[in-house]
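Single-structure report; data block below.
Throughout, protein chains are lettered first and strands after them, A, B, ... in sequence-line order, and every chain is numbered starting at 1.
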2 protein chains.
Amino acid sequence: MSISERVLPVLPDPRLDLPAPDVAAAVAAAALLGDPTRAGILALLAGGPHCVCEMAAALGERQNNVSNHLARLRDAGLVRASRHRADARWVFYERDEAACAAVARSLEGLLR
Amino acid sequence: MSISERVLPVLPDPRLDLPAPDVAAAVAAAALLGDPTRAGILALLAGGPHCVCEMAAALGERQNNVSNHLARLRDAGLVRASRHRADARWVFYERDEAACAAVARSLEGLLR
DNA sequence: CCGATACATCAGTGAGCGTTGAGACACTTC
DNA sequence: GAAGTGTCTCAACGCTCACTGATGTATCGG
């Protein structure tokens, strides 16, 4: 349960000049996923496109709230919106798989 | 730029009975990584064990603040602590690679 | 044109969380 | 023992952010 002595100095000599790692991108990505509603949206969209009212019903959230979070995900480029051809009142969302993969790589870079 | 019509119904028929996806674990993990200090700690520990004062200096944060975030990471099982043998005042932290891998898989499950 | 529907936007509010400061704890050295 | 060092804990403050309610936009049906 203790850290191997091979990687620790015999006497402590703290290095106070370590460079600060750049984690801004990963933190922004994690903050996006750190909300239940946004994570639920992405999970739902993994199964294909959905309109706003479907996601709101599935998540038990109000439409305007879901719409707010969709705007956040849109600004981050994780989802795309397009109106239905037959009835353009309905806005369907789908994931941008390339952007999601980039986010996954960014987060994996923190934990790898 | 529009969603393929093949996956959309000709007429909108919203499914209001979709099950809510279970994202609790992934959300908790993402919330942990969504803080710059905690993410910086994990990034620093990717290079091997470090004591608290080293990480505080590298991140430009105070020791008690870093200690607070380390407690969060400890409670989540992502890091382990052990005291230095020669001088037990120094507490060195290292990552629990198995737990980090589990978190990575959990997050990847959201984006895959 | 008018009402209804689906969604978007925005100011205001409240709760959660990160930071701070003070103090306590553990350990070493003299 | 006392003083010094590294770390930990915790109440209190402050600020960010998610939720709410109201309103606005776009579209369809009659």
Validation row: [X], [Y] side chains within 4.5 angstrom (heavy atoms):
{"X": "Leu59(A)", "Y": "Pro21(B)", "result": "yes"}
{"X": "Asp96(A)", "Y": "Val79(A)", "result": "no"}
{"X": "Leu107(A)", "Y": "Val103(B)", "result": "no"}
{"X": "Ile41(B)", "Y": "His69(B)", "result": "yes"}

Where is the tightest heavy-atom contact between Ala81(A) and Val91(A), given as atom of each residue plus distance?
CB-CG1, 3.8 Å
Exercise: identify the closest heavy-atom pair between Ala31(B) and Arg38(B)
O-NH2, 3.1 Å
Could you point out which residue of Val27(B), Leu111(B), Leu33(B) forms a side chain to side chain contact (heavy atoms under 4.5 Å, CB included) with Leu33(A)?
Leu111(B)
So, Tyr93(A) versus His50(A), ring centres under 6.0 angstrom or not?
no
Answer yes when Arg15(A) and Glu54(B) have at least one side-chain N-carboxylate O distance shorter than 4.0 Å, and no when they do not.
no
First locate atom OG of Ser82(B), then atom CD of Glu94(B), and finally report the distance between them rounded to the nearest 0.5 Å.
6.0 Å
Where does the chain B footprint on DNA chain D start and end, counting 5' to 3' with a 4.0 Å heavy-atom cut-off?
dG4(D) to dC10(D)
Going 5' to 3' along DNA chain C, between which two nucleotides do contacts with chain A fall, using a heavy-atom cut-off of 4.0 Å?
dT5(C) to dC10(C)
Please compare Glu61(A) and Arg89(A) by the position of their nearest nucleotide in DNA chain D and report the one closer to 5'.
Glu61(A)
Which comes earlier along DNA chain D counting from the 5' end, the contact point of Asp35(A) or that of Trp90(B), where each point is its nearest nucleotide?
Trp90(B)
Can you pull out the residues from residues 63-73 of chain A that lie within a 4.0 Å heavy-atom distance of DNA chain D?
Asn64(A), Asn65(A), Asn68(A), His69(A), Arg72(A)
